[in-house]
Amino acid sequence: MSKKNHLQILHIAPLTLLSTLFMPGCQSYPGADLREEVPASSPTVTLSLHAEAVESPQQGRASIDESALTPGSSTVFRWDAGDRVMLWMGEAQTPCIFSTPEGGTYAASFTYTGPAVETDRYFGFYPASERKETTQSLYIPTDGTVRQELPDHSMHLGRYRAMYTESITGRSGETTLEKIIFKPLTSLVVFKISNESGTAVSYSSVTLETSGNSQPVFYSHATYTAGSGAKEVTLPSSPTDHSVTLSLGKEKGIPVASGNTFHAFLPLFPSASLTDSPLQLRITTDAGKTITRSFPGSLLRSISSFRTGLFYLFHIRHTPSDELSITLPTISGWEAGGEVELTVD
């Protein structure tokens, strides 16, 4: 009799933004290096942008609220302090940077102060970059450069969690912009790693990799043109990487006492098909030990590929025999969107 395990894949809920335009006598220019210098006599505006959960309390955010990673609770997402979004305003597509000094869960206030802009058309992108052009170059390193320093900590995700908005038609001179919904362009793998080895372990990295003579399935680079309406990033013509690694800890890994569990968050671009590419999980420890475990072929066929806008949650158990047991239970409380449950024999 086969035992059935479950993997829950969750859609990332969109991010809703409400914004208001008003005219104070302000001469401060946050992020002024991103715009042309404006004479003191030029009209200025301050755009206040308020991001909040309008449709439900489980709305997409740039990072995960780790305080909600407890049994029986809903996992929500948050804006981090210092997060910035770019909006291109009007037919001139004037780039405007909005930033939030404090961030927030469920809601965050963003501001932009600078030259007056048109409001008859606008669209946005996250994260804001130094590029004023609408075509953005995106990069998620696969070589371990992405590092999670603390257990259950997702601050490293922000810069790798690209999101876009549709182009919105407004009215010239309006003072209140219509709500803007940011939608994800990347995928996210969450590892719930339980140390059941009987001794304390410092985990230094976790890797997804193809095995044998398989073709590459991962990408590290992509582009996206804001305002295009495209729902996916543009990837190279073929995958470039056989593996993708998340480094753990500051210098000597993340120490985990026996019997304890932590979560690791790995951002990904959408992958190529996994159905013909055997995939394995590799975990390394600070002691130099490497432990690997292959994913069942039936699971890979069910997943098909890592896709845009989805969470993939894996429960990894490090057993006393120094092996990795990959169980895929249905995770309760992850209510960030519609769920697809896969059954694995």
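What you are looking at is a predicted structure, and each value in this text was computed from that prediction instead of being measured.
- Counting only distance, with no hydrogens or angles, the side chain of Gln148 and the backbone of His263 share a donor-acceptor pair below 3.5 Å.
- In terms of heavy atoms, Ala264 sits closest to Leu246 at CB-CD2, 3.9 Å.
- Among residues two or more places apart in sequence or in another chain, the side-chain contact (heavy atoms from CB on, under 4.5 Å) test is passed with Asp276 by none.
- Closest approach of Ile140 and Leu268 over heavy atoms only: CD1-C, 3.8 Å.
- Counting heavy atoms from C-beta on, the side chains of Val117 and Cys96 come closer than 4.5 Å.
- Between Ser247 and Gly144, the closest heavy-atom pair is OG-O, 2.6 Å.
- Expressed to the nearest 0.5 Å, how far CD1 of Ile168 lies from OH of Tyr122 amounts to 5.0 Å.
- Applying the side chain to side chain donor-acceptor pair (under 3.5 Å) test between Ser325 and each of Glu196, Arg317, Arg293 identifies Arg317 as the sole match.
- Atom-to-atom distance recorded for Met86:CE and Ile97:CD1 is 3.5 Å, nearest 0.5 angstrom.
- Ring to ring, Phe269 and His221 are not that close: their centroids are 6.0 angstrom or more apart.
- Between the side chains of Gln93 and Thr134, no donor-acceptor pair of N or O atoms lies under 3.5 Å.
- Looking at residues two or more places apart in sequence or on another chain, you find a ring pair (Phe, Tyr, Trp, His ring centres under 6.0 Å) between Phe306 and Tyr312.
- Side chain to side chain, Ser137 and Arg131 fail the donor-acceptor criterion of an N or O pair below 3.5 Å.
- Residues Glu251 and Glu149 have side chains not in contact (no heavy-atom distance under 4.5 Å, counting atoms from C-beta outward).
- Atoms CG and CZ, from Leu188 and Phe265 in turn, are 7.5 Å apart once rounded to the nearest 0.5 Å.
- Between Thr234 and Tyr224 there is no side-chain heavy-atom pair separated by less than 4.5 Å.
- Residues Ser305 and Ser273 bring no donor and acceptor atom of their side chains to less than 3.5 Å of each other.
- Taking CG from Leu266 and NE2 from His156, the interatomic distance works out to 7.5 Å, rounded to the nearest 0.5 Å.
- Looking only at atom types and distance, the side chain of His318 has no donor-acceptor partner in the side chain of Ser194 under 3.5 Å away.
- Every residue meeting the side-chain contact (heavy atoms from CB on, under 4.5 Å) condition with Ser220, not counting sequence neighbours, appears here in chain and number order: Tyr139, Thr142, Thr240, Asp241.
- Counting only heavy atoms from C-beta outward, the side chains of Tyr164 and Pro184 never approach each other to under 4.5 Å.
- Considering every non-hydrogen atom in both Gly158 and Pro127, the closest pair reads O-CG, 4.4 Å.
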> Between Ser204 and Lys252, does a side-chain contact (heavy atoms from CB on, under 4.5 Å) hold up when you go through it step by step?
Replying inline: CA-CA 7 Å; Ser204 57; Lys252 296 184 177 181; over 6 Å; no

>> Applying side-chain contact (heavy atoms from CB on, under 4.5 Å) to Val217 and Leu208, what does each step give before you reach the verdict?
In response: CA-CA 10 Å; Val217 297; Leu208 292 174; over 6 Å; no

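- Residues Thr210 and Pro216 form no side-chain contact, since every pair of their non-hydrogen atoms from C-beta on lies 4.5 Å or further apart.
- Checked against side-chain contact (heavy atoms from CB on, under 4.5 Å), Gln215 has no partners two or more places apart in sequence or in another chain.
- Residues Thr207 and Leu281 are not in side-chain contact: their nearest non-hydrogen atoms beyond the backbone lie 4.5 Å or more apart.
- The six-membered or imidazole ring of Phe295 lies near that of Phe314, with a centre-to-centre distance under 6.0 Å.
- A donor-acceptor contact closer than 3.5 angstrom is absent between the side chains of Thr199 and Ser197.
- In this structure, the side chains of Arg307 and Pro270 stay at 4.5 Å or more apart for every pair of heavy atoms.
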> Between Tyr203 and Phe262, is a side-chain contact (heavy atoms from CB on, under 4.5 Å) present by the stated rule, with each step listed?
Replying inline: CA-CA 10 Å; Tyr203 297 98; Phe262 77 102; 3.7 Å; yes

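- With Asn195 contributing its side chain and Val256 its backbone, the two residues share a donor-acceptor pair below 3.5 Å.
- Nearest approach of His315 to Lys192, heavy atoms of both residues: CD2-O, 3.1 Å.
- Rounding to the nearest 0.5 angstrom, the gap separating the CG atom in Leu185 from the OH atom in Tyr126 is 12.5 Å.
- For the atom pair OG (Ser243) and CG (Leu279), the distance works out to 10.0 Å, reported to the nearest 0.5 Å.
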> Can you check side chain to side chain donor-acceptor pair (under 3.5 Å) on Arg161 and Thr186, steps first, answer last?
Replying inline: CA-CA 6 Å; Arg161 301 290 291 139; Thr186 57; 2.4 Å; yes

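- Taking each heavy atom of Trp88 and Gly124 in turn, the nearest pair found is CZ3-C, 4.3 Å.
- Pairs of residues two or more places apart, or lying in two chains, that qualify as salt bridge (Lys or Arg N to Asp or Glu O under 4.0 Å) and include a residue from residues 281-290 are Glu209-Arg282, Lys289-Asp322.
- Under the 3.5 Å distance criterion, with hydrogens and angles disregarded, a donor-acceptor pair is assigned to the side chains of Glu232 and Thr308.
- For the residue pair Ser277/Ser214, the side-chain donor-acceptor check at 3.5 Å is not satisfied.
- Using a 4.5 Å heavy-atom threshold, the side chains of Ile283 and Thr292 count as separate.
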>> Could you walk me through whether Gln136 and Thr223 satisfy the side chain to side chain donor-acceptor pair (under 3.5 Å) test, starting with their C-alpha distance in whole Å, then the side-chain angles of each, then the deciding distance to 0.1 Å, before giving a yes or no?
In response: CA-CA 6 Å; Gln136 299 286 304; Thr223 60; over 6 Å; no

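- Annotation: ring pair (Phe, Tyr, Trp, His ring centres under 6.0 Å) contacts of Tyr219 (sequence neighbours excluded): none.
- With 3.5 Å as the limit, one finds a donor-acceptor pair spanning the side chains of Thr225 and Thr135.
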>> Does Ser211 form a side-chain contact (heavy atoms from CB on, under 4.5 Å) with Gln280? I'd like the steps, not just the answer.
In response: CA-CA 7 Å; Ser211 57; Gln280 67 181 19; 4.0 Å; yes

